[in-house]
Protein chains: 2
Amino acid sequence: MSSGTRDRIVTEAMRLFGENGFAGTSIAQIEAAAGLTPGSGGLYRHFPSKEALLSTGIRERIESRNELLPSMSPSSDAPTEAVLLKVAQLGLQRLDDERDVNRILVRDLASAPELLGFIRDAEIRTNHQALVTLLRALGGPQLDAEALAAILIDAISHYWLLRDVFGGEHPLAVPQQRYLTTLVDMAAHLMGDKQ
Amino acid sequence: MSSGTRDRIVTEAMRLFGENGFAGTSIAQIEAAAGLTPGSGGLYRHFPSKEALLSTGIRERIESRNELLPSMSPSSDAPTEAVLLKVAQLGLQRLDDERDVNRILVRDLASAPELLGFIRDAEIRTNHQALVTLLRALGGPQLDAEALAAILIDAISHYWLLRDVFGGEHPLAVPQQRYLTTLVDMAAHLMGDKQ
DNA sequence: TCCATCAGTAAGTACTTACTTACGACGGTA
DNA sequence: TACCGTCGTAAGTAAGTACTTACTGATGGA
């Protein structure tokens with residue numbers, strides 16, 4: 001079965017791109033990691049170029065993932081703080097699960113407009129819209145849910161990113177629980193006020 | 001004078017590292033940009049290696065910069081929201097001014113522990129500590145100023161980073177003014193409550 | 001049994017990489 | 001004039017780059 005090799009190539013390529021960057025990963029490295037002979041162009045039986053491999057890897061990873069907020073409404077009788085804390089923890093989890101895609105996004109895609117557009121529409125705006133809907137259900141009509149949702153996403157994403165870049169610990173050394181609690185507290189205060 | 005050439009090398013190297021990444025920039029490119037003959041090893045009259053050049057560039061940029069919050073206390077009679085908004089705008093300005101260093105940090109330093117430590121101590125924690133001091137002066141003693149300062153820094157940094165990666169516009173398309181106003185509003189609400 | 005297709009390899013393409021060596025032009029000092 | 005260290009260049013090194021070409025063995029359908 002050839003699709004086994006193809007999938008191994010994609011998996012190992014995404015891991016290597018995430019660890020060493022796109023320019024820092026060679027075709028030979030990917031071949032070796034996928035069980036092919038490094039330097040033989042075996043990879044090109046499955047992909048026409050290094051760029052095409054990157055594009056395929058990113059699209060497959062993002063398309064094969066489920067909704068971040070599948071059905072948050074059933075537990076909407078819980079207090080706002082508890083709901084938001086759960087969402088924040090889910091977001092951090094998701095960032096961890098797609099570590100490689102997230103690293104590649106900030107490192108290597110600044111000059112790949114098609115991939116940027118795909119990620120923006122298929123992942124970033126989708127998650128944002130789901131959070132906006134949730135915030136509107138919990139807060140009053142005066143609330144700027146779009147801005148608040150963006151702030152929550154950005155704060156959590158950058159907390160994750162810095163922790164990742166600095167090898168496991170956020171450079172400001174604020175524990176995750178204190179960080180998330182304070183963030184959720186801020187949001188709840190704002191929402192309570194615009195009720 | 002040779003130090004002219006040396007400084008040109010550092011300047012152009014930091015620009016190219018920021019634009020194309022460390023692995024994506026060649027010694028020949030840097031030499032050409034600095035006015036040397038590309039491919040002649042003229043760069044090596046001034047730096048022993050590509051890594052040493054990167055290290056020197058980052059350290060010089062960070063050491064030669066002034067305080068982000070020089071003396072915010074004099075205008076402490078202004079309302080909290082106005083002070084925080086000014087600080088947020090200053091932060092965005094600083095991120096723009098040191099665009100190259102910021103890009104290099106998230107793209108290429110994950111496996112350069114000494115540089116990470118230097119940036120953390122000389123830049124990130126310094127700014128955080130200054131903001132913590134300001135927040136403590138404005139808010140009550142019950143406030144978790146360290147967590148709040150980290151959240152404000154992270155939100156603003158990620159807003160800047162995504163706007164940079166996506167070529168000028170934040171993928172969530174929230175205008176800067178609305179974003180900052182909402183962020184400052186959240187902080188002020190929390191601080192007012194813990195007064 | 002024949003035969004076409006597929007997946008992988010060996011070997012090589014032309015080119016780029018970081019870095020080195022030998023040398024000449026230069027300015028200051030003796 | 002003789003000398004010295006500095007700065008840049010020409011020309012190279014060995015290794016690595018993405019990708020190609022020609023081939024081999026296995027597979028599966030007619």
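Order of the sequence lines fixes the chain letters, A, B, ..., with proteins taken first and strands second; residue numbering starts at 1 for each chain. Computed over heavy atoms, backbone and side chain alike; hydrogens, waters and symmetry mates excluded.
- Between A:His46 and the phosphate of C:dC6, there is no side-chain N or O to OP1/OP2 separation shorter than 4.0 Å.
- Using a 4.0 Å cut-off between charged side-chain N and carboxylate O, A:Arg8 and A:Glu12 make no salt bridge.
- In this structure, NE2 in B:His170 is found 12.0 Å from CZ in A:Arg120, a value given to the nearest 0.5 Å.
- Among the protein residues, B:Leu36 comes within range of the sugar-phosphate backbone only, with heavy atoms under 4.0 Å from sugar or phosphate atoms but none that close to a base.
- The phosphate of C:dG8 (OP1 or OP2) has a side-chain N or O of A:Thr5 nearer than 4.0 angstrom.
- If you take CG of B:Leu43 and P of D:dT9, they are 11 Å apart, rounded to a whole angstrom.
- Side-chain nitrogen and oxygen atoms of A:Ser40 include none within less than 4.0 Å of the OP1 or OP2 phosphate oxygen of C:dG8.
- Between the NE2 atom of A:His158 and the CG atom of B:Leu162 there is a distance of 9.5 Å, given to the nearest 0.5 Å.
- Using a 4.0 Å cutoff on non-hydrogen atoms, no part of residues 14-33 of chain A comes near DNA chain C.
- Using a 30° and 60° split on the angle between ring planes, B:Tyr179 and B:Tyr159 fall in the tilted class, from 30° to 60°.
- Separating the CG atom in B:Leu116 from the CG atom in B:Leu105 is a distance of 6.5 Å, to the nearest 0.5 Å.
- Relative to the side chain of A:Tyr44, the nucleotides D:dG8, D:dT20, D:dT9 differ in distance, and D:dT20 lies closest.
- Salt-bridge formation is not detected for the pair A:Glu123/A:Arg61: no Lys NZ or Arg NE/NH1/NH2 atom is positioned less than 4.0 Å from an Asp or Glu carboxylate oxygen.
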